[in-house]
There are 2 protein chains.
Amino acid sequence: MPLVSEQAVTASDKTFFQLRKDIVEAVVLPGSKLSETELAQRYAVSRAIVREAINRLEACHLVERKANIGARVVALSPTRLVSLYQVRESLEGMAARLAATHMTDGEICDLNALLDSYLQTVQSGENYYQDAGDVDFHYRIILGSKNDHLIAMLIEGIYHLIRMYRVQLGMTGPRVSAAFDEHKSIVRAISNRDAELAEILMRRHILYTRNNLETKLLAQTA
Amino acid sequence: MPLVSEQAVTASDKTFFQLRKDIVEAVVLPGSKLSETELAQRYAVSRAIVREAINRLEACHLVERKANIGARVVALSPTRLVSLYQVRESLEGMAARLAATHMTDGEICDLNALLDSYLQTVQSGENYYQDAGDVDFHYRIILGSKNDHLIAMLIEGIYHLIRMYRVQLGMTGPRVSAAFDEHKSIVRAISNRDAELAEILMRRHILYTRNNLETKLLAQTA
DNA sequence: GCATTCAAAATTGTCGACAATTTGGGTTAT
DNA sequence: ATAACCCAAATTGTCGACAATTTTGAATGC
């Protein structure tokens, strides 16, 4: 029971979802060229379908396309990471602010329960929290903003790119439990309906995460 | 010499630009259905071209598409206006913050000159300032952020929708000179390299603008 | 040996036709 | 009169073929 459900009704949808998944999970590597004919064979659909899928991937900044030349999966770089996370900080900060006033008591209660349920796995040093728990936490706050534009830009937009960086760089070590504590503080602010504080804490949280990833990316490059 | 130049290389580009222009300028009315065959005739291109153009318009939230049913130009409503302007406040606030540290002295100087050049037209009560001057001002700060993601999301993304609201609702009266003063304050903060203040002032400025438009939209509906 | 030129191959852009789905209207039964 | 059903018309989704552009690589000249 995923929190946000996209259902593929058309063949183009299926191909788009599959290709996006393959890019985010690095089955198709960053920087690699996306040949329309090759992908058409791989996914057993016509070129028109692949073209439409690539167009949609371009819209969410997962591929870059040049006219008459072709499309490439975006490359990962420290500069791009910073750009992306500045946008994320801005938008998710606003999401937390809005969530503090728009989430129902029930939704806040569920959010607290969610964190508690992950408490043990975090304490035991499992890095399981990262993948499932972290995106679940952020998604709930984004949806809690009740702002359709914001939700679309984050969930259908930049979040796949964010997950792409995460898959490439991993997310383990002491940062996991620190992030967990920050999540707790954010939920506390939302519980108190303190919109101002919720935004500030969310922005700080994302800035810390950015610094952590940037370090890893620089180490990986060097 | 436009500040941001999009050049149409392919037929799909041309049709996309033209259709976007027609939607923003209300040649094609909000809420109206976009028939693929009809548009193909109107712009003298094949249906495939129109489909691609519509897909791109969907990506920047100017049309909404349902599978097997079709695409409609988005409707304007107070709720949607608020959603849009909350996103705008968030992103342009960040843009102002980044511009305060990343704009060159020369760019800031040009920005001051731009405002001075419009001082007379504003004082004389011309509403000319709105269309050209206002977007010019905001574009310069967005570009001054030097953040590619932010620039793309604002200029290729939500700004056309923002202009659409503006065209529909007009932008005259006392708000114009007030906005001009706010612009001056923002530039002052950027000149002082005060990122924090630049962000706060930009967010306030956009909030005021939102309130002004919301009032007009509600009055128009009633 | 290296840069230039040119044609062939490969890739992307565009088109018209067919398939699948939705829409509209008329008929029928209750 | 209303609701359910069904068929025809219109609209969107998909496909394969052709056109335009870029890339490749071999031949040519210096």
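Proteins get letters first, then strands, A, B, ... in listed order; numbering begins at 1 in each. The figures here come from the full heavy-atom set of this structure, side chains too, leaving out hydrogens, waters and symmetry mates.
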Looking at [Y] and [X], is there a salt bridge between them, counting it only when a charged N and a carboxylate O are closer than 4.0 Å?
{"X": "A/E89", "Y": "A/R203", "value": "yes"}
{"X": "B/R65", "Y": "A/E52", "value": "no"}
{"X": "A/D13", "Y": "A/R56", "value": "yes"}
{"X": "A/R51", "Y": "A/E36", "value": "yes"}

Tell me: [atom1] of [X] to [atom2] of [N], nearest whole Å?
{"X": "B/F16", "N": "C/dT14", "atom1": "CZ", "atom2": "P", "result": "14 Å"}
{"X": "B/R47", "N": "C/dC15", "atom1": "CZ", "atom2": "P", "result": "13 Å"}
{"X": "B/E52", "N": "C/dC15", "atom1": "CD", "atom2": "P", "result": "11 Å"}
{"X": "A/N55", "N": "C/dT12", "atom1": "CG", "atom2": "C1'", "result": "12 Å"}
{"X": "B/E36", "N": "D/dT14", "atom1": "CD", "atom2": "P", "result": "11 Å"}
{"X": "A/D13", "N": "D/dG13", "atom1": "CG", "atom2": "C1'", "result": "11 Å"}
{"X": "A/Y43", "N": "D/dC15", "atom1": "OH", "atom2": "P", "result": "16 Å"}
{"X": "A/L39", "N": "C/dT12", "atom1": "CG", "atom2": "C1'", "result": "13 Å"}

For this session: May I ask you to say what B/L34 touches in the nucleic acid, namely base, sugar-phosphate or nothing, with a heavy-atom cut-off under 4.0 Å?
Result: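 B/L34: backbone/sugar contact only, no base atoms under 4.0 Å.
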For this session: Look at all strands and tell whether B/A11 reaches a base, only sugar-phosphate, or nothing, counting heavy atoms closer than 4.0 Å.
Result: sugar-phosphate
Indicate whether OP1 or OP2 belonging to [N] is found under 4.0 Å from a side-chain N or O atom of [X].
{"X": "B/R51", "N": "D/dG13", "answer": "yes"}
{"X": "A/T10", "N": "D/dT14", "answer": "yes"}
{"X": "B/K66", "N": "D/dT11", "answer": "no"}

Seminar exercise, completed: By nearest-heavy-atom nucleotide on DNA chain D, the more 5' of A/I49 and B/G70 is B/G70
Exercise. Closest nucleotide of DNA chain D for B/S35 versus for A/S46: which of these residues is on the 5' side?
Worked result: B/S35
Exercise. A/K33 has a side chain; which of D/dT22, C/dT12, C/dC15 sits nearest to it?
Worked result: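 Closest nucleotide to the A/K33 side chain: C/dT12.
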Exercise. Which atom names give the shortest non-hydrogen contact between B/L81 and B/Y165, and what distance separates them?
Worked result: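 In terms of heavy atoms, the two residues are closest at N-OH, 3.4 Å.
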